[in-house]
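To start, the structure under review is shown below, and the notes come after it.
Remember, it's 1-based here, ligands and their atoms both numbered in the order they're listed.
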Amino acid sequence: MANTPVSVPDLGGIDEVEVIEICVKPGDNIEQEEALIVLESDKATMEVPAPFSGKVTSIKVSVGDKVSTGTQVAEMDQINSEEVANEANELQAPAQIEEVEEQSTVTQTDTNEDTEIDIIVPDLGGIESVEVIELSVTEGDSFSVEDGLLVLESDKATMEVPAPSDGILISFSVKVGDKVSEGDRVGKMKSSASTPASSVQIPIAEKSVQAPKEHPPKTLTSEPMVSSGKVHAGPAVRKLARELGVDLAQVSASGPRSRIQKQDLHDFVKQKVNASVGTVGVKGSDEDFSKYGTITQQPLNKIKQVTARNMVASWSTIPQVTQFDEADITDLEHYRKTKMPSLLEDGVKVSPLAFITKACVKALQVFPEFNSSLGPNADELILKQYYNIGIAVETPDGLLVPVIKQADSKGVVGLAKESSELAKKARDKKLPLDAMSGASFTISSLGGIGGTAFTPIVNAPQVAILGVSKASYKPVWNGEAFEPRLMLPLSLSYDHRVIDGAQAARFTRYICDILSETRHMLL
Ligand code: CAO
């Protein structure tokens, strides 16, 4: 049926309530029972749910409007109008809308000042049992009359049980998650008000128990991260918050009387997701490039996606600096080319990489903090007594980093063989997972390709990575003349939380010195 009016259900005696949230907009398709608007009285919040599944055609109220039983709040088109034609005349929201009366009761056990009184669940307006969703104060907290002591929630309504007088909480006898019913005793408080005789039911809405404020109310909002009675949110928002695992105490409220709206929750989650994108995800562009010209799309394989995530995580969490230097490898290259076998078995060559790996191990032994990781709270350094060197390998599917384990126990030829085998396995997709774990330092060599320098990204949780570029002859002043020397560019990126610039310069220089003196390599 088209444009069926939806009205405020029976408010159980309350004259007027305020519209505090509009949860839908015209054109929205919603399910039966989904909230259309949220209403609030002084102490209770309730949703007006959709009486049937259908399309919202108009909203008749605005946030801040006062409405009463029977006020029309929206119009909806029913999805299957034939089935419900008979219901057309009675489209007030269904009876399960729980209105929570503003009546809470206390049972007083003494008439003196500072007397102990029980905190009792008030009239729940016909609802049998509700859940305790917040204990808003803790033992010893002082509060003022009307401050929320605990929050109860049914499927569709949330209510605070307010303090019947100024007082101090002695204890709660319930915990969050407990189900309670009208009349249940949920705790004890010490009242500082002079109140009527024992066993009198005191409607909280009546301010008859107001007393001089001997105990200044505790500012609950000053307690960090604790869900408190100062968090105001409707049942739909609370439900969504629970589903998303969001602590409402952390969400800024934009609604009237500091009430958290659904949009606030969405904004909060969006903000968190964006903030954590660096550690958990990779964000691309949502721009439509096809408006500028022809495009094709190519899915990224798993290796590239994982690499992207790791890079983003490292880049966004580690303050990285790159130190550049050059090693004179003229003599080393002469040695390699004349003294090393040109080909080992299976066509394996001893490339400069094997010497660089050996030099790195020696440097790591002298500068142990480069062979470390930061502890979980970033307040301690975990120094590794093993030297497992990751070698970045380019494969058709992307970058893989197999690890030469116990590189300190291997000679140059052994290192050359192993890195060559690992690179082959990586390219043949035969690398077992454990061959890529446990590295304590990484080398990324682009020396076989070209380039003068680059800034590799630290392979977290390691703290440093050595980039190697292509060696080239350069004129070097020997004190008397320029000499052509083969210079190898090195780029060391490091975690500046762990390593100081001076240490990085010394470490890189040390590697250069080792590579410059062939005899080091023969040890
Ligand atoms: N300077 C000059 N020449 C170099 C050199 C250097 N720094 N490093 C290697 N070479 C030479 C080698 O001697 C070899 O020459 P010959 O064929 O004449 O002997 C040639 O370049 C090719 O070497 P290579 O690249 O096949 O072998 P490698 O041992 O140097 O490197 C590996 C092996 C696996 C590191 C390499 O193949 C590779 O995949 N590199 C890419 C790594 C990468 O993508 N890094 C970027 C990651 S982002 O940080």
Side-chain donor/acceptor pairs under 3.5 Å, residues 425-433, sequence neighbours excluded:
{"from": "R427", "atom 1": "NE", "to": "E394", "atom 2": "O", "distance (Å)": "2.8"}
{"from": "R427", "atom 1": "NH2", "to": "E394", "atom 2": "O", "distance (Å)": "3.2"}
{"from": "D428", "atom 1": "OD2", "to": "K424", "atom 2": "NZ", "distance (Å)": "2.8"}
{"from": "K429", "atom 1": "NZ", "to": "D397", "atom 2": "OD2", "distance (Å)": "3.2"}

At a 4.0 Å threshold, what atoms of ligand 1 neighbour a non-hydrogen atom of [X]?
| X | result |
| --- | --- |
| V468 | 7 (N) |
| V393 | 34 (C), 39 (O) |
| L488 | 7 (N) |

Using a 3.5 Å cut-off on N or O atoms only, is A471 in polar contact with ligand 1? yes
For [atom], grab the closest protein heavy atom and report residue, atom and distance to one decimal in Å.
| atom | result |
| --- | --- |
| atom 18 (O) of ligand 1 | K349 NZ, 4.4 Å |
| atom 31 (O) of ligand 1 | L353 CD2, 4.0 Å |
| atom 12 (C) of ligand 1 | P352 CD, 4.1 Å |
| atom 46 (C) of ligand 1 | S444 OG, 3.1 Å |
| atom 30 (O) of ligand 1 | S351 OG, 3.5 Å |
| atom 3 (N) of ligand 1 | G447 O, 3.6 Å |
| atom 40 (N) of ligand 1 | S445 O, 3.0 Å |

Atom NZ of residue position K410 - does it have more than 12 heavy atoms of other residues, nucleotides or ligands inside 6.0 Å?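 More than 12 within 6.0 Å, yes.
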[X] [atom1] to [Y] [atom2] distance, which is reported to the nearest 0.5 Å:
| X | Y | atom1 | atom2 | value |
| --- | --- | --- | --- | --- |
| D141 | L135 | CG | CG | 11.0 Å |
| I514 | F355 | CD1 | CZ | 13.0 Å |
| E418 | T357 | CD | OG1 | 10.0 Å |
| L169 | T138 | CG | OG1 | 7.5 Å |
| N29 | E34 | CG | CD | 10.0 Å |

Heavy atom of R336 under 4.0 Å from ligand 1? yes
At the 4.0 Å heavy-atom cut-off, does S469 count as touching ligand 1?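 Distance cut 4.0 Å: S469 passes for ligand 1.
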Between [X] and ligand 1, which residue portion shows a heavy-atom distance shorter than 4.0 Å: side chain, backbone, both, or neither?
| X | value |
| --- | --- |
| I465 | neither |
| S420 | neither |
| K337 | neither |
| L446 | side chain |
| R427 | side chain |

Residue selection (non-hydrogen contact nearest atom 32 (C) of ligand 1) among G448, P489, A392: A392
Just by distance, with hydrogens left out, do [X] and [Y] show a side-chain donor and acceptor under 3.5 Å apart?
| X | Y | value |
| --- | --- | --- |
| T508 | D325 | no |
| S58 | E75 | yes |
| S440 | Q462 | no |

What do you think, any protein heavy atom under 4.0 angstrom from atom 24 (P) of ligand 1?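 Answer no: nothing from the protein, no heavy atom, is under 4.0 Å.
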Would you say atom 14 (C) of ligand 1 touches the protein, meaning some protein heavy atom is under 4.0 Å from it?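 No, because not a single protein heavy atom sits under 4.0 Å from atom 14 (C) of ligand 1.
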Is R485 paired with D328 through a side-chain N to carboxylate O contact shorter than 4.0 Å? yes
Is D28 paired with K25 through a side-chain N to carboxylate O contact shorter than 4.0 Å? yes
Between H496 and Y494, does the ring centre distance come in under 6.0 Å? yes
